[in-house]
Undergrad: 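Structure provided below as structure tokens; questions to follow.
If you're wondering where the values come from, they're calculated on a predicted model, not measured in any experiment.
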Amino acid sequence: MKEKIISISFVGILLLFLTLGLFLKDRDISSYERRKLMTTKKLKGDFIENLDTYLTDQFPLRDELISIHSIFERYVLGNIESNDVYIKDGYAIEKNYPLDSKSMQDFINKINYIQSHYLQDSQVFYTIIPDKAYFLNSNKYLKMDYEEVLEGLSNNLKVDYIDITHLLTLDDYYKTDIHIKQPSYHKIIKEFSKYYHFPYHELEYKEHKYDKFYGATYSKIPSFTRPDTIIYLSNSILDKAYVRHLEYGDKEVYEEDQLEGVDSYNVFLHGPSAFIEIENKEENVEGELIIFRDSFGSSFAPLLIPYYKKITLIDLRYMDLSVVEKYVDFKNKDILFAYSTLIVNNSNLLKVRIS
């Protein structure tokens, strides 16, 4: 009898949710999961193929149920991780473990290949941006051996290193996202100036704030967590800068219409983009900088605009190296490889075919 009651209750709850789904309006975007959802418009395109995704995406109270699952695993079962995410001092930290030695060697090979084939007549440095797991206690949390990573790169890359790890703490990162807050890059830009020999200035910036930033890891933690606040910095130099994307054409340094989109971090240089050229309209500045970068570069590159006549951003996750050479003259340029440890451990994302 007890089993029958449980079965009937389960079916009843399932039917209730399915019935609610028929009357509730479709959601286009999940701020919680930071992605677009399947809607009836897309469902009509291929009903059979898309039905399962549609029912899952539009399931009533979907966000709440995902959050409850995270709460149950963390606070009832006592797990220190859920969905490969730790929570420490209010920070959601993705587990970057274990170290993939083959990936690290592949990363080394790709950077050395670019250096030897294209950058012989340039001033070249690399920097590694640690992901948030770098700041975890290794005795309590699973984390890769970051000392092995930094030492392995230093011993094998044919490029000089700019160490920024000592400049960063966990407070410099967003709580619900993998990235560093833009104001925290001031000290890093100052460090870069020591190597590239541009005159660093304590420039004045206007702060713009957006307090509804649901980062990349927000959907993997309880939904009662407060969203982050994005601060992006502008001044007259950045306001007048000319920005051209290979894919999107002319844009602004800060695309404010992206704040209410799927990913608010896309306010920085319109988000993921294979190739961007930024021209400083000031007449009293010279030199060109080329940055091979991942998504972290979107927020620190704007703070370098005052120091160069032109900055070129290349994201090899979206553009093959063989195509890049058609658009860029590397000779006598400042070159920076700026990659996070997440890319070092997933170097297959970089489209570099070594011949």
Side-chain angles (χ1 to χ4, degrees), residues 91 93-116 119 122-136 138 141-174 177-182 184-196 216 265 268 272 289-301 303-304 311 313-317 321 334-352:
Y91 286 83
I93 303 175
E94 293 193 17
K95 182 172 70 176
N96 191 14
Y97 177 87
L99 169 61
D100 187 334
S101 298
K102 290 184 178 179
S103 176
M104 184 173 73
Q105 186 58 55
D106 179 60
F107 179 83
I108 292 169
N109 293 341
K110 288 176 177 178
I111 302 303
N112 284 341
Y113 178 82
I114 297 172
Q115 158 67 9
S116 61
L119 310 178
S122 302
Q123 181 175 222
V124 188
F125 295 95
Y126 80 93
T127 194
I128 298 298
I129 304 169
D131 63 274
K132 288 193 288 188
Y134 175 83
F135 302 98
L136 290 171
S138 59
Y141 303 94
L142 290 175
K143 55 183 276 189
M144 67 180 185
D145 190 334
Y146 289 90
E147 290 186 9
E148 180 182 348
V149 172
L150 297 176
E151 183 178 351
L153 297 178
S154 178
N155 291 338
N156 294 282
L157 282 175
K158 300 174 183 178
V159 180
D160 291 328
Y161 176 46
I162 301 176
D163 183 12
I164 64 170
T165 56
H166 64 290
L167 299 175
L168 294 167
T169 67
L170 191 56
D171 290 339
D172 291 308
Y173 294 73
Y174 295 109
D177 195 69
I178 64 173
H179 295 105
I180 294 171
K181 303 167 188 173
Q182 191 184 42
S184 294
Y185 281 115
H186 282 309
K187 54 194 172 185
I188 294 174
I189 302 300
K190 186 175 183 179
E191 187 72 10
F192 287 165
S193 71
K194 300 175 184 177
Y195 294 83
Y196 289 106
Y265 185 75
F268 300 106
L289 173 66
I290 298 171
I291 305 176
F292 291 91
R293 56 95 179 202
D294 54 23
S295 57
F296 285 79
S298 293
S299 54
F300 79 74
L303 300 184
L304 283 163
I311 296 176
L313 302 179
I314 301 169
D315 195 332
L316 294 173
R317 295 174 301 167
L321 178 64
D334 286 352
I335 310 292
L336 174 64
F337 291 96
Y339 286 110
S340 71
T341 46
L342 298 169
I343 294 296
V344 176
N345 219 28
N346 295 275
S347 61
N348 61 299
L349 297 174
L350 302 180
K351 301 181 186 301
V352 180

Undergrad: Check side chain to side chain donor-acceptor pair (under 3.5 Å) between Tyr161 and all other residues, then give those that pass, not counting sequence neighbours.
TA: Asp163

Undergrad: Determine the sole option in Ile343, Thr341, Ile180 for which the side chain to side chain contact (heavy atoms under 4.5 Å, CB included) test with Ile129 is passed.
TA: Ile180

Undergrad: After noting the C-alpha distance and the side-chain angles of Phe135 and Leu168, does the key distance pass the side chain to side chain contact (heavy atoms under 4.5 Å, CB included) rule?
TA: CA-CA 9 Å; Phe135 302 98; Leu168 294 167; 4.0 Å; yes

Undergrad: Determine whether Val149 and Met144 make a side-chain contact, defined as any pair of heavy atoms from C-beta on separated by less than 4.5 Å.
TA: yes

Undergrad: So, the side chain of Lys132 versus the backbone of Glu94: is there a donor-acceptor pair under 3.5 Å, distance only?
TA: no

Undergrad: If I take atom CG from residue Asp131 and atom CD1 from residue Ile93, how far apart are they, to the nearest 0.5 angstrom?
TA: 9.0 Å

Undergrad: Does a side-chain N-to-carboxylate-O contact under 4.0 Å join Lys187 and Asp172?
TA: yes

Undergrad: Any heavy-atom pair between the side chains of Asp315 and Arg293 that's under 4.5 Å?
TA: yes

Undergrad: So for atom CD, which belongs to Gln105, do other residues, nucleotides or ligands contribute more than 12 heavy atoms lying within a distance under 6.0 Å?
TA: yes

Undergrad: Enter the distance from Ile111:CD1 to Leu157:CG here, rounded to the nearest 0.5 Å.
TA: 6.5 Å

Undergrad: To the nearest 0.5 Å, what is the distance between CD1 on Ile114 and CG on Leu316?
TA: 5.0 Å

Undergrad: Could you go through Val352 and Tyr113, starting from their C-alpha distance and side-chain angles, then the distance that decides it, and tell me whether this counts as side chain to side chain contact (heavy atoms under 4.5 Å, CB included)?
TA: CA-CA 9 Å; Val352 180; Tyr113 178 82; 4.0 Å; yes

Undergrad: One pair to check against side chain to side chain contact (heavy atoms under 4.5 Å, CB included): Leu336 and Ile290. What are the steps and the verdict?
TA: CA-CA 6 Å; Leu336 174 64; Ile290 298 171; over 6 Å; no

Undergrad: Rounded to the nearest 0.5 Å, how far does CZ of Phe292 lie from CD of Gln115?
TA: 10.0 Å

Undergrad: Taking Lys143 for the side chain and Leu136 for the main chain, is one N or O donor matched with an acceptor at less than 3.5 Å?
TA: yes

Undergrad: Phe125 and Tyr196: aromatic ring centres closer than 6.0 Å?
TA: yes

Undergrad: So, using side chain to side chain donor-acceptor pair (under 3.5 Å) as the criterion, who are the partners of Lys102 when residues are at least two apart?
TA: none

Undergrad: Take Arg317 and Ser295 through the side-chain hydrogen bond (donor to acceptor under 3.5 Å, both in side chains) test and state the conclusion after the steps.
TA: CA-CA 10 Å; Arg317 295 174 301 167; Ser295 57; 4.6 Å; no

Undergrad: What's the separation between atom OH in Tyr134 and atom CG in Leu170, rounded to the nearest 0.5 Å?
TA: 12.5 Å

Undergrad: Could you tell me whether the side chain of Ile128 reaches within less than 4.5 Å of the side chain of Thr165, counting heavy atoms only?
TA: no

Undergrad: Please report the closest heavy-atom contact between Asn96 and Ala133, naming both atoms and the distance.
TA: N-CB, 4.4 Å

Undergrad: Under the side chain to side chain contact (heavy atoms under 4.5 Å, CB included) rule, collect the residues that match up with Ser347, sequence neighbours excluded.
TA: Ser103, Asp106, Phe107

Undergrad: How long is the span from the OH atom in Tyr174 to the OH atom in Tyr91, to the nearest 0.5 Å?
TA: 11.5 Å

Undergrad: Taking Lys181 for its side chain and Asp171 for its backbone only, find out whether a donor-acceptor pair lies under 3.5 Å.
TA: yes

Undergrad: Side-chain contact, heavy-atom cut-off 4.5 Å: Ile291 with Ile314?
TA: no

Undergrad: Does any donor atom in the side chain of Asp334 or Tyr195 lie under 3.5 Å from an acceptor atom in the other side chain?
TA: no

Undergrad: Between the main-chain N or O of Lys190 and the side-chain N or O of Ser193, is there a donor-acceptor pair closer than 3.5 Å?
TA: yes

Undergrad: Any chance the side chains of Asp294 and Ser340 put a donor and an acceptor closer than 3.5 Å?
TA: yes

Undergrad: Do the non-hydrogen side-chain atoms of Ser154 and Tyr126 ever get within less than 4.5 Å of each other?
TA: yes

Undergrad: Any side-chain donor paired with an acceptor under 3.5 Å for Tyr97 and Asn345?
TA: no

Undergrad: How close do Leu142 and Lys95 get, counting heavy atoms only, and between which atoms?
TA: O-CG, 3.7 Å

Undergrad: Quick check: His179 with Tyr173 (ring centres under 6.0 Å apart)?
TA: no

Undergrad: Donor-acceptor check, side chain of Ser299 to backbone of Gln182, threshold 3.5 angstrom: yes or no?
TA: no

Undergrad: Considering non-hydrogen atoms only, spot the tightest contact between Glu191 and Leu167 and give its length.
TA: CB-CD1, 3.8 Å

Undergrad: Apply side chain to side chain contact (heavy atoms under 4.5 Å, CB included) to residues Leu99 and Tyr146 and explain how you reach the verdict.
TA: CA-CA 8 Å; Leu99 169 61; Tyr146 289 90; over 6 Å; no

Undergrad: Does Tyr185 have its ring centroid less than 6.0 Å away from the ring centroid of Phe300?
TA: yes

